[in-house]
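We count residues from 1, following the sequence as given.
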Amino acid sequence: MTFYVESEGTKEDRGTGKDKDFPFPLEETVEKVLRAALSYENCPFEAEINILITDREGIKTYNEEYRGIPKETDVLSFPGVDYEEPGDFSLALSDKNSYFNPETEEILLGDIILCKDRVFSQAEEYGHSVLREFAFLLVHSVLHLLGYDHMEEEDEKIMKKHQDEIMEKLGILR
């Protein structure tokens, strides 16, 4: 598995090398969460995922630019694979040139943009750890990269069940 994590920091911190640090090892946590989610979903391939960590202003800009919604959110997901059904990789297999990195042969699952400020504020709001909020948002976003959604009530139930079971598997609970 290949993943790239880039942090933009806060507006005030950009270019200074300063950043509000997470209280856990970031890359180790990202890898652990990604592996757990992909394993739970029986992803049959090694995967490549890009993660950008930004602030409130950054996520608001991305949300408006890509979704036409001029407000902040906690996480955005940009799947790199098309699915007929969540987790069904048949379309990707039928067009490997479009969905796989030719150098590594990893499936290009997509991009995640995470709002660091919201990770901290939502952890406080919901009364759980920053680690729990970070891992939850990452799991939620990976499920989107795998074709899951929560627009319809039944789909939301399925996605919630998967999120809860992955978080339980990780041992990161409320």
Side-chain angles (χ1 to χ4, degrees), residues 1-59 62-63 72-81 86-87 89 92 99-101 103-148 159-174:
M1 175 175 51
T2 302
F3 63 91
Y4 302 97
V5 179
E6 180 183 339
S7 180
E8 291 182 334
T10 63
K11 182 179 179 182
E12 297 78 25
D13 292 340
R14 286 188 191 133
T16 67
K18 297 179 183 176
D19 199 356
K20 187 176 186 181
D21 290 332
F22 286 107
F24 50 82
L26 183 61
E27 293 204 2
E28 179 182 314
T29 302
V30 168
E31 182 172 10
K32 180 180 176 182
V33 171
L34 295 179
R35 286 196 185 282
L38 295 174
S39 172
Y40 176 87
E41 291 297 326
N42 298 311
C43 179
F45 311 107
E46 287 296 311
E48 185 176 312
I49 299 173
N50 299 304
I51 302 163
L52 174 65
I53 300 172
T54 191
D55 62 8
R56 291 179 189 276
E57 184 180 308
I59 199 94
Y62 291 116
N63 201 21
E72 75 177 57
T73 187
D74 48 12
V75 67
L76 294 168
S77 309
F78 301 94
V81 177
F89 294 96
Y99 297 111
F100 288 82
N101 181 327
E103 294 176 17
T104 64
E105 298 183 1
E106 293 176 323
I107 192 165
L108 301 167
L109 284 184
D111 303 319
I112 296 169
I113 302 176
L114 189 76
C115 179
K116 180 185 262 188
D117 297 325
R118 291 287 292 264
V119 170
F120 281 87
S121 67
Q122 288 176 184
E124 185 175 329
E125 178 183 341
Y126 299 134
H128 53 242
S129 70
V130 172
L131 171 63
R132 195 271 176 205
E133 187 64 20
F134 179 86
F136 173 80
L137 291 175
L138 201 52
V139 165
H140 180 88
S141 197
V142 169
L143 290 174
H144 280 307
L145 297 185
L146 294 172
Y148 290 90
M159 193 167 172
K160 183 180 181 330
K161 177 182 182 284
H162 288 233
Q163 288 170 169
D164 291 347
E165 289 177 357
I166 295 166
M167 294 298 290
E168 186 173 315
K169 179 179 175 181
L170 286 163
I172 304 175
L173 308 171
R174 289 185 177 199

Carefully, step by step, assess E72 and N63 under the rule side-chain contact (heavy atoms from CB on, under 4.5 Å).
-> CA-CA 7 Å; E72 75 177 57; N63 201 21; over 6 Å; no

Given V139 and L170, is the side-chain contact (heavy atoms from CB on, under 4.5 Å) satisfied, shown in steps?
-> CA-CA 10 Å; V139 165; L170 286 163; 4.3 Å; yes

Under the side-chain contact (heavy atoms from CB on, under 4.5 Å) criterion, do D21 and L26 qualify, and how do the steps go?
-> CA-CA 9 Å; D21 290 332; L26 183 61; over 6 Å; no

Derivation and outcome, side-chain contact (heavy atoms from CB on, under 4.5 Å), residues Q163 and L143 | CA-CA 8 Å; Q163 288 170 169; L143 290 174; 3.5 Å; yes

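Just one residue in the list V30, N50, T29 forms a side chain to side chain contact (heavy atoms under 4.5 Å, CB included) with V5, and that residue is V30. Remark: of the listed residues E133, H128, R132, E133 is the sole one forming a side-chain hydrogen bond (donor to acceptor under 3.5 Å, both in side chains) with Q122.
Note that CG of L145 and CZ of F78 are 10.0 Å apart. Values are rounded to the nearest 0.5 Å. In this structure, CD1 on I113 lies 10.0 Å from CD on E6, to the nearest 0.5 angstrom. How far SG of C115 is from CD of E57: 11.0 Å, rounded to the nearest 0.5 Å. The distance from atom CD1 of I172 to atom CG of L131, rounded to the nearest 0.5 Å, is 4.5 Å. Within the model, atoms OG of S77 and CG of L138 stand 9.5 Å from one another, a figure rounded to the nearest 0.5 Å. If you take CG on D164 and CZ on R174, they are separated by 8.0 Å, rounding to the nearest 0.5 Å.
Listed here is the closest heavy atom pair of Y99 and G80: CD2-O, 3.2 Å. Between G147 and P86, the shortest heavy-atom contact is O-CG, 3.5 Å. Shown here for T73 and I59, the closest heavy-atom pair between the two residues is O-CG2, 3.3 Å. Closest approach of R56 and D117 over heavy atoms only: N-OD2, 2.9 Å. When all heavy atoms of E103 and N101 are compared, the pair lying nearest together is N-OD1, 2.8 Å. Across all their heavy atoms, A92 and F100 have their closest contact at O-CE1, 3.7 Å.
Salt-bridge formation is detected for the pair K161/E165: a Lys NZ or Arg NE/NH1/NH2 atom is positioned less than 4.0 Å from an Asp or Glu carboxylate oxygen.
Counting heavy atoms from C-beta outward, L109 and F45 have side chains that stay 4.5 Å or more apart. Looking at heavy atoms from C-beta onward, I166 lies out of side-chain contact with V33 at the 4.5 angstrom threshold. At least one side-chain heavy atom of F89 sits under 4.5 Å from a side-chain heavy atom of C43. Using a 4.5 Å heavy-atom threshold, the side chains of L173 and E168 count as touching. Between F136 and V119, every side-chain heavy-atom pair lies at or beyond the 4.5 Å cut-off.
Heavy-atom neighbours of K169 NZ from other residues, nucleotides or ligands within 6.0 Å: above the threshold of 12.
Using modelled atom types, no side-chain atom of D74 and backbone atom of R118 make a donor-acceptor pair closer than 3.5 Å. With hydrogens and angles ignored, the 3.5 Å screen pairs no side-chain donor or acceptor of E48 with any backbone N or O of I107. E106 places a side-chain N or O within 3.5 Å of a backbone atom of T2 that can act as its donor or acceptor partner.
For Y148, the ring pair (Phe, Tyr, Trp, His ring centres under 6.0 Å) test picks out H162, with sequence neighbours left out.
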